[in-house]
Colleague: 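Questions regarding the structure given below will be posed in turn.
Just so it is clear, the structure is predicted and the values come from calculations on it, not from any experiment. The sequence lines fix the lettering, A, B, ..., with proteins before strands; numbering per chain opens at 1.
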2 protein chains.
Amino acid sequence: MADQLSDRGKRILEAVIEDYIATAEPVGSRTITRSHALALSPATVRNVMSDLEEMGLLASPHTSAGRIPTEKAYRLYVNSILEVKNITRDKKDEIRRRCQMAGKDPAQVLKETSRLLSTTSSYMGVVMAPRPASSVFHQIEFVKLPGKRVLAILISKNGTVQNRLVQVDEDIRQEDLVRMANYLTDQLQGLTIAQVRERILNEMNSEKVRYDSLMARALALSEQTINTGNPELFLEGQANILDQPEFSDAGRMREIFRAFEKKSLLLDLFDRAMQADGVQIFIGSESHLLKMEGMSLITSTYMTGKDTVGVLGVIGPTRMGYGRVIPIVDYTAKLISRLLETE
Amino acid sequence: MADQLSDRGKRILEAVIEDYIATAEPVGSRTITRSHALALSPATVRNVMSDLEEMGLLASPHTSAGRIPTEKAYRLYVNSILEVKNITRDKKDEIRRRCQMAGKDPAQVLKETSRLLSTTSSYMGVVMAPRPASSVFHQIEFVKLPGKRVLAILISKNGTVQNRLVQVDEDIRQEDLVRMANYLTDQLQGLTIAQVRERILNEMNSEKVRYDSLMARALALSEQTINTGNPELFLEGQANILDQPEFSDAGRMREIFRAFEKKSLLLDLFDRAMQADGVQIFIGSESHLLKMEGMSLITSTYMTGKDTVGVLGVIGPTRMGYGRVIPIVDYTAKLISRLLETE
DNA sequence: GTTAGCACTCGATCAGTCGGAGTGCTAATC
DNA sequence: GATTAGCACTCCGACTGATCGAGTGCTAAC
């Protein structure tokens, strides 16, 4: 048969994938003729399936089991067969209702969102917070606390707050701290946090500052407060993947959990997802993460105002209800963007 | 035989428990005579074990397996047999080294501590943050951000920071915000956060405020910022318990993970642990948590200055290396207390 | 009180059997 | 020429029975 996928081939591939998604069992020719009104006999379906196998779209675990879609098949399915459903009214309401988190700590909002993604999709929810380095500086403050401690607070225009508790020798006065903070706030207007850091490091080495011990200390304080490190990653609903039959094996399960404990791997992946706007889908090994074998990731970027600032998504088995989950991710991302913009 | 536990009985019970902790397999009479120099024959040991079983300290899964310690046995072991080892020099160094987290976000410190507990014990680490309601108010601030947003920041004497992003109608001026914040900061000196909340709710209903719309709004802002809810709980190293053979069953594993997703259950338990200072041990069903069957919890309280503020600990299987883990929990709690005090 | 000896029990393991599901091929049919 | 019925074949999984080893409880001897 042709290398080209016939229309009938497509329909049968779709049937296999959908059955497999539903049952996690290899799909046989009989099953398909029964459940999908194709008006074809099992024998015919077998012929077609054999062709699909040759094209690398199906695989059989062994001779007398049914067949399983390959990654290539999922990719094809997602690209050109799947019709993304509209999100159901119910889901929409549920998401909207649970997004009523006005007045919450901004970090909490993202965590809640991650949990929301996990429960609505029944897979794992992931949200990558905005990269601290790229947000825009708004204000810095130093607050003197009892016990020779100073709390430094760094506020960004997008409303995120970084703070550090630092011990100092006791002869700093609150008035001096305020003066320093005002001066710095003035100096650093309009810079991104990354630039702020650079500026401060420069200043610290400048001649002028060398002889101003107060300023030197203020700069040191600021420097300790600035976090240009990795953005936070909120991973919720890990227990959900325990329900997936393909991970019922204890060893496999352990591997996956260990992999997710190392968040750096996921961060890389999410960084890649942030390169392009909108919904993206990584199927199995496409993510180039060894441990992601058998797992897929659906992501979408979210924004504050006009800037793409973060990524959120759902991680599940390759055998995932794409048609159902894609709109959930999409809708949630849009809702969060709106929430971050106005609130 | 007597109801009273003989000295020999104790030694044999100890041997069974230690073997079982090491291997997770039911322990037979032979094994014991071999590994622990008791100078007794297997038959004698069998007799004693039979007595121990009658006393409810041992149980046999079936006739021809060895025996397993019961919860009662663990309790006895922990109370009167176990000699808690001194913490090893290595562990001490490791913990101390990893506690060098000066300049970190206070919440991060606790999270790190939890991870530290999990890796040094190779079970699960848990840290309950100080109850927000009971910390002492220090300062409140309102910062106007672009886009009709106001960031409210609540600072406690212990260095914790709560912040909320709130949308407002645009006619509030930064000067007014500062004035309000200063006024409130002045009014609320010395109160706990819980008292602050109460005071604010009272004020909001007072006659005077009714006609001062600016003040009314400031109060509303503050009220939204205050979180008197549950303290945060940092649970790290969940993957570690997957290594325990008794949880290799997928169903059991799922149950446990699900249980830990509901943090409220653990919070209750930790609240109980906070009633008494120092190290405490909950064995299996003693915690009155249904899902804690087969698991034990070792906790210690930690303090800032003279006040007990939180609890940290390790969760592992009942079959846990108590002698090894207890000093780890103890030492970590002391170290964190010192860290929170000075820093 | 302790121990050696022995019969007994029970789970784990392994080989063998059987049935069901599914395939591929061939020949008949539309 | 495409489709289908029929059939032999393959392979897995579930079940069965036999065997083995670890461990026990009991009894009688030390």
Colleague: What residue pairs, at least two apart or across chains, pass salt bridge (charged side-chain N to carboxylate O under 4.0 Å, His left out) with a residue in residues 60-82 of chain A?
Modeller: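 Applying salt bridge (charged side-chain N to carboxylate O under 4.0 Å, His left out) to every pair that reaches into residues 60-82 of chain A, excluding sequence neighbours, yields Glu53(A)-Arg67(A), Arg75(A)-Glu286(A).
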Colleague: Any idea which heavy atoms bring Ala24(A) and Pro245(A) closest together, and the distance?
Modeller: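 Residues Ala24(A) and Pro245(A), closest heavy atoms: CB-CG, 3.7 Å.
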Colleague: When you check every protein heavy atom under 4.0 Å of nucleotides 18-30 of chain D, what one-letter string (B, S, -) results, 5' to 3'?
Modeller: ----BBBB-----
Colleague: Would you mind listing every salt bridge (charged side-chain N to carboxylate O under 4.0 Å, His left out) that reaches into residues 21-45 of chain B, with sequence neighbours excluded?
Modeller: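 Pairs touching residues 21-45 of chain B that pass the test: none.
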Colleague: Could you check which residues of residues 9-19 of chain B get a heavy atom under 4.0 Å from DNA chain D? Sort them by number, please.
Modeller: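 Result for residues 9-19 of chain B: none.
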Colleague: Output side-chain donor-acceptor pairs under 3.5 Å for residues 12-19 of chain B, partner residues at least two apart or in another chain, one line each.
Modeller:
residue	atom	partner	partner atom	Å
Glu18(B)	OE2	Tyr77(B)	OH	3.1
Asp19(B)	OD1	His36(B)	NE2	2.9

Colleague: Once side-chain hydrogen bond (donor to acceptor under 3.5 Å, both in side chains) is applied, what residue pairs with a partner in residues 315-328 of chain B remain, sequence neighbours excluded?
Modeller: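 Sorted result for residues 315-328 of chain B: Gln244(B)-Arg319(B), Glu246(B)-Arg319(B), Ser296(B)-Tyr322(B).
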Colleague: Report all side-chain donor-acceptor pairs from residues 83-95 of chain B shorter than 3.5 Å, counting only partners two or more places apart or in another chain.
Modeller:
residue	atom	partner	partner atom	Å
Thr88(B)	OG1	Lys91(B)	N	3.2
Lys91(B)	NZ	Thr120(B)	O	2.9

Colleague: Which pairs of donor and acceptor atoms, one on a side chain in residues 38-47 of chain A, lie under 3.5 Å apart (sequence neighbours left out)?
Modeller:
residue	atom	partner	partner atom	Å
Ser41(A)	OG	Ala43(A)	N	3.4
Ser41(A)	OG	Thr44(A)	N	3.3
Ser41(A)	OG	Thr44(A)	OG1	3.1
Arg46(A)	NH1	Ser29(A)	OG	3.3

Colleague: Does Asp271(B) have any salt bridge (Lys or Arg N to Asp or Glu O under 4.0 Å) partners at least two apart in sequence or in another chain, and if so, which?
Modeller: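 Salt bridge (Lys or Arg N to Asp or Glu O under 4.0 Å) list for Asp271(B), sorted by chain: Arg131(B).
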Colleague: In whole angstrom, give the distance that lies between atom CD1 of Ile68(A) and atom C1' of dC12(D).
Modeller: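 My rounded result for the distance is 14 Å.
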